Amino acid sequence: MNFTSTDLYIRQTNGNESLWLSERIVIDVCGLSDGHLRKERSSYKKTVRACDLAKAKDFMPDSGKSWRWGKVSGQFYYCLSNIPNKAPKNYRSMFGDSTALLDQFKTACKSKEATSLETRFKQHLKTVSKQYSEFYSDVNNEAQRIALSKACAVLDFILDTREDYPGTANKLYKDLSPILSDLDLQYIPHNYLKLKEKITILETTDKAIVDIIHLPRTGNNNAEMYNDPEVFSWVMQLRSMPQNYSNEFIIRKVLDFCEMTMKKAPSRRWFGQTILEQPKTQFLTGIKRYGASSRKSHIHKGYIPMENALFAGDCWEMDATRINMISHTAEDGKERFLNIVAVRDVHSGDVLGYSFDYSENHVVYLEAMKMAVQNAGYLPHEWVTDRFPGHNTPQMIDLFERMESLGVNMTFTSKANDKAKIERWFRTLQSVFLMDSKYFYGEGIQSRAAYAHRSAEYLKRIKKEAKKTGWDMQKNIDEASTHVERYRTTPFSKYSRKHKNVHQSPAELHEYSEKPHVTDVSEATISMLFGLKKQITLRHDGQFTTEFVGVEFDYMVSPAYYDIISNYFNKKVVVTYDLNDLSVVFLWEKNGKLLKSLCEAEFEAKVKNKGKNPELGKISQLKARAKAIAELKENDLASMIGEDSAMMGMYTEKAAINLYEDNYLNENQTSVPLKKASGDGISPESLENAILNNTSFNY
């Protein structure tokens with residue numbers, strides 16, 4: 001049984017002792033559920049007399065029935081003697097004899113107490129040893145200086161712990177002795193009596209800890225130096241292996257090799273001081289030891305300093321991470337956490353698009369990309385992303401090909417350094433902005449920062465409050481979106497020491513920055529890239545009816561696009577649309593995997609022509625549209641018939657011939673200004689006088 005310190009409870013009543021088991025250990029051993037035990041508690045409570053029940057406090061009186069229970073510090077306990085032992089379950093037999101069970105519990109607790117001592121000691125050693133390092137500045141060897149500081153920390157730990165440590169006066173020394181041996185600490189005795197002598201010296205004299213911890217044989221230069229190149233090569237080979245052997249394993253292996261080859265074995269101190277703790281050894285073997293892709297390998301590798309993007313839109317980075325807010329109950333009844341997909345402009349730092357979902361998938365990535373392009377109004381020169389789930393679906397492959405045809409360089413990478421800006425932004429979002437949210441539960445589990453995680457008591461209280469306020473997916477999204485927008489509108493100088501002189505926000509920097517390398521896109525192009533798509537057949541003078549999410553919508557193409565209406569009549573075209581705005585859709589012709597733009601079509605609601613208040617004005621507008629298209633049809637037809645149709649005799653349509661002649665005359669007649677006739681403007685009397693008198697006259 002896997003005991004904890006609160007799994008057994010011994011109760012003394014009227015001189016009698018009873019053993020009680022926690023609900024956790026009962027569920028673990030018997031395989032029961034908490035719901036089953038809840039029913040058993042309710043049933044047992046009904047078997048207790050009302051007068052006894054009124055006197056009971058934390059423990060139910062013994063009614064002789066099964067599953068007698070009690071409650072201590074918010075945890076339920078069940079009396080061992082009242083656990084039923086009926087076939088076929090035989091729950092009571094699963095725990096064995098009560099005395100043996102108690103002994104097993106004490107042994108387990110004692111073992112865990114020792115483990116607790118080791119944990120506290122290691123933490124103290126790690127924290128306090130650095131404080132004693134300054135007293136050994138005259139020691140040239142770094143390994144020796146660290147070992148002396150750790151030895152001082154051992155005595156410091158004993159002085160801090162011995163007053164409150166349970167047991168005899170020597171118990172702390174006896175418990176600490178095997179821990180010192182396992183850690184192989186130098187310059188401190190491992191025997192508990194020798195260790196106690198050091199403390200006695202501190203108590204009986206005026207010496208300090210650093211006065212009794214020092215290097216042995218200081219000033220003795222007569223010791224023989226061990227120098228065997230073959231043994232040295234063994235150590236270096238073992239240290240550089242990708243198995244990442246511990247120092248102790250390497251020492252044991254080399255000592256075994258020395259014994260097999262009849263070589264003189266070096267001292268344990270030689271391994272550390274000569275090879276294992278030397279900086280050059282770490283420098284030469286670090287990459288092979290940790291692996292090129294591990295978290296510890298970065299300090300052993302060089303890097304290429306990269307300049308930031310010079311202009312907005314030069315590069316966008318996209319990635320996803322969990323939003324570290326408390327969970328909420330989803331529609332399927334499970335506890336869920338949100339993930340955010342964000343698109344960030346490298347130059348300005350502005351987060352142009354983001355979307356939320358329970359998991360990473362191509363749909364949520366598509367929404368974030370669409371939001372980024374809509375907000376920016378352009379496509380970037382380069383778009384960097386990882387190979388997210390669904391990146392190789394036909395829909396996303398078509399999208400990437402269309403974006404590349406428009407001039408976008410799509411870069412797919414699995415390396416965090418290739419999209420370091422957005423990886424760093426996720427940390428900024430957590431440590432600066434989400435920190436202000438009461439629903440934020442802390443940074444990721446790998447974070448080592450002291451402020452990374454909030455206390456368990458605080459999270460328990462906030463979860464209760466959130467449950468009362470109806471904390472769900474939408475509220476989680478609203479809360480997260482609020483803090484993302486706060487980042488976009490907050491000046492860098494308000495929280496960043498690196499950018500303390502930048503008094504603009506990311507959104508302002510993006511708006512005012514130059515964008516010489518971007519590709520401006522229209523609303524139609526955005527719909528082509530990110531909109532939903534379906535095929536329809538264009539009929540009825542550029543009208544069509546289609547269904548979106550089970551609802552019929554009517555659309556009409558404007559007469560201004562008469563060429564599209566006529567040339568694509570009864571042909572299949574692709575319609576792209578946005579479910580958030582169905583007032584306008586766009587028509588496209590398939591051209592391989594790409595789409596050729598045709599025109600747009602506007603939504604036209606069905607006209608009410610019966611009953612009270614018919615929409616006569618709207619009917620007139622639609623009739624005018626139909627008339628305009630009919631006239632365009634007639635003109636187009638007449639231009640295609642020609643004068644040869646006049647030779648068809650009785651089959652000639654007079655209206656078509658007249659229309660053709662009218663069009664011909666309108667297109668070919670020239671405008672000639674009229675001249676005045678001779679004598680225009682002269683009265684008859686003037687003309688008669690001029691003839692009789694044989695004189696001239698002015699026109």
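Since we're looking at a predicted model, the values are computed, not measured.
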Report yes if the distance between the aromatic ring centroids of Phe433 and Tyr495 is under 6.0 Å, otherwise no.
yes
For the pair Ser558 and Glu602, evaluate side chain to side chain donor-acceptor pair (under 3.5 Å) and give the outcome as yes or no after the intermediate values.
CA-CA 8 Å; Ser558 170; Glu602 296 183 353; over 6 Å; no
Can you check whether Leu529's main-chain N or O pairs, donor with acceptor, with Lys370's side chain at less than 3.5 Å?
no
Carboxylate-amine/guanidinium proximity below 4.0 Å for Arg461 and Glu465
yes
Could you tell me whether Tyr441 and Tyr458 have their ring centroids closer than 6.0 angstrom?
no
To the nearest 0.5 Å, how far apart are OG in Ser327 and CD in Glu335?
4.0 Å
In terms of the angle between their ring planes, are His391 and Phe388 parallel, tilted or perpendicular, with boundaries placed at 30° and 60°?
perpendicular
Taking C-beta and beyond as the side chain, do Tyr451 and Met435 meet within less than 4.5 Å on heavy atoms?
yes
Show your working on side chain to side chain donor-acceptor pair (under 3.5 Å) between Thr393 and His362 and close with a plain yes or no.
CA-CA 8 Å; Thr393 58; His362 72 280; 4.5 Å; no
Working note: Phe412 + Trp383, criterion ring pair (Phe, Tyr, Trp, His ring centres under 6.0 Å); need CA distance, chi angles, decisive distance, verdict.
CA-CA 9 Å; Phe412 296 92; Trp383 200 317; over 10 Å; no
Centroid-centroid distance, Tyr358 to Phe337, less than 6.0 Å
no
Can you measure from CG (Asp357) to CD1 (Ile340) and round to the nearest 0.5 angstrom?
12.0 Å
Using a strict threshold of under 4.0 Å (side-chain N to carboxylate O), is an ion pair present between Asp520 and Lys515?
no
Calculate, to the nearest 0.5 Å, the distance between atoms CZ and CD belonging to Arg427 and Gln430 respectively.
7.5 Å
Any chance the side chains of Asn339 and Arg322 put a donor and an acceptor closer than 3.5 Å?
no
NZ/Lys571: more than 12 non-hydrogen atoms of other groups inside 6.0 Å:
yes
Decide side-chain contact (heavy atoms from CB on, under 4.5 Å) for Phe569 and Leu538; before the verdict, give the C-alpha distance in whole Å, the side-chain angles of both, and the deciding distance to 0.1 Å.
CA-CA 5 Å; Phe569 175 75; Leu538 195 60; over 6 Å; no
Distance-only, no hydrogens or angles: does the Trp471 side chain make a donor-acceptor pair with backbone N or O of Ile326 under 3.5 Å?
yes
Checking the side chain of Lys533 only, and the main-chain atoms of Met528 only, is there a donor and an acceptor separated by less than 3.5 Å?
yes
Within a 6.0 Å radius of atom CD on Glu404, are there more than 12 heavy atoms belonging to other residues, nucleotides or ligands?
yes
For Arg488, is there an ion pair with Asp350 - N to carboxylate O distance below 4.0 angstrom?
yes
With a 4.5 Å heavy-atom cut-off, do Asp319 and Thr385 have their side chains touching?
no
Measure the shortest side-chain to side-chain distance between Met325 and Leu338 over non-hydrogen atoms and say whether it is less than 4.5 angstrom.
no
Whether His517 and Phe311 hold their rings parallel, tilted or perpendicular, with breakpoints at 30° and 60°
perpendicular
Result of checking Leu434, Val351, Val432 against Tyr487 for side-chain contact (heavy atoms from CB on, under 4.5 Å):
Val351
Check: Ser620 main-chain N/O paired with Arg625 side-chain donor or acceptor under 3.5 Å
no
Run Thr545 and Asp554 through side chain to side chain donor-acceptor pair (under 3.5 Å) and show every step you take.
CA-CA 5 Å; Thr545 301; Asp554 294 291; 2.4 Å; yes
Short question: side chain of Asp28, backbone of Arg24 - any donor-acceptor pair under 3.5 Å?
no
Note: Glu547-Lys534 ion pair, threshold 4.0 Å (strictly below):
no
Do other residues, nucleotides or ligands put more than 12 heavy atoms under 6.0 Å from the CD atom of Glu423?
yes
Got a second to check how far Thr546's OG1 is from Gln535's CD, nearest 0.5 Å?
11.0 Å
Considering the options Phe548, Phe553, Trp588, which one meets the ring-ring contact (aromatic ring centres under 6.0 Å, His included) requirement together with Tyr577?
Phe548
Drop me the distance from Leu429's CG to Glu443's CD, to the nearest 0.5 angstrom.
10.5 Å
Got a donor-acceptor contact below 3.5 angstrom from the Glu600 side chain to the Val585 backbone?
no
Rounded to the nearest 0.5 Å, what separates atom CG in Leu532 from atom OG1 in Thr576?
9.5 Å
Do the ring planes of Tyr354 and Phe356 sit parallel (below 30°), tilted (30 to 60°) or perpendicular (above 60°)?
perpendicular
Backbone N/O of Gly286 and side chain of Lys288: donor-acceptor pair under 3.5 Å:
no
One pair to check against side chain to side chain donor-acceptor pair (under 3.5 Å): Tyr568 and Glu589. What are the steps and the verdict?
CA-CA 9 Å; Tyr568 289 87; Glu589 180 184 12; 2.7 Å; yes
Please find out if less than 6.0 Å separates the ring center of Phe492 from that of His499.
yes
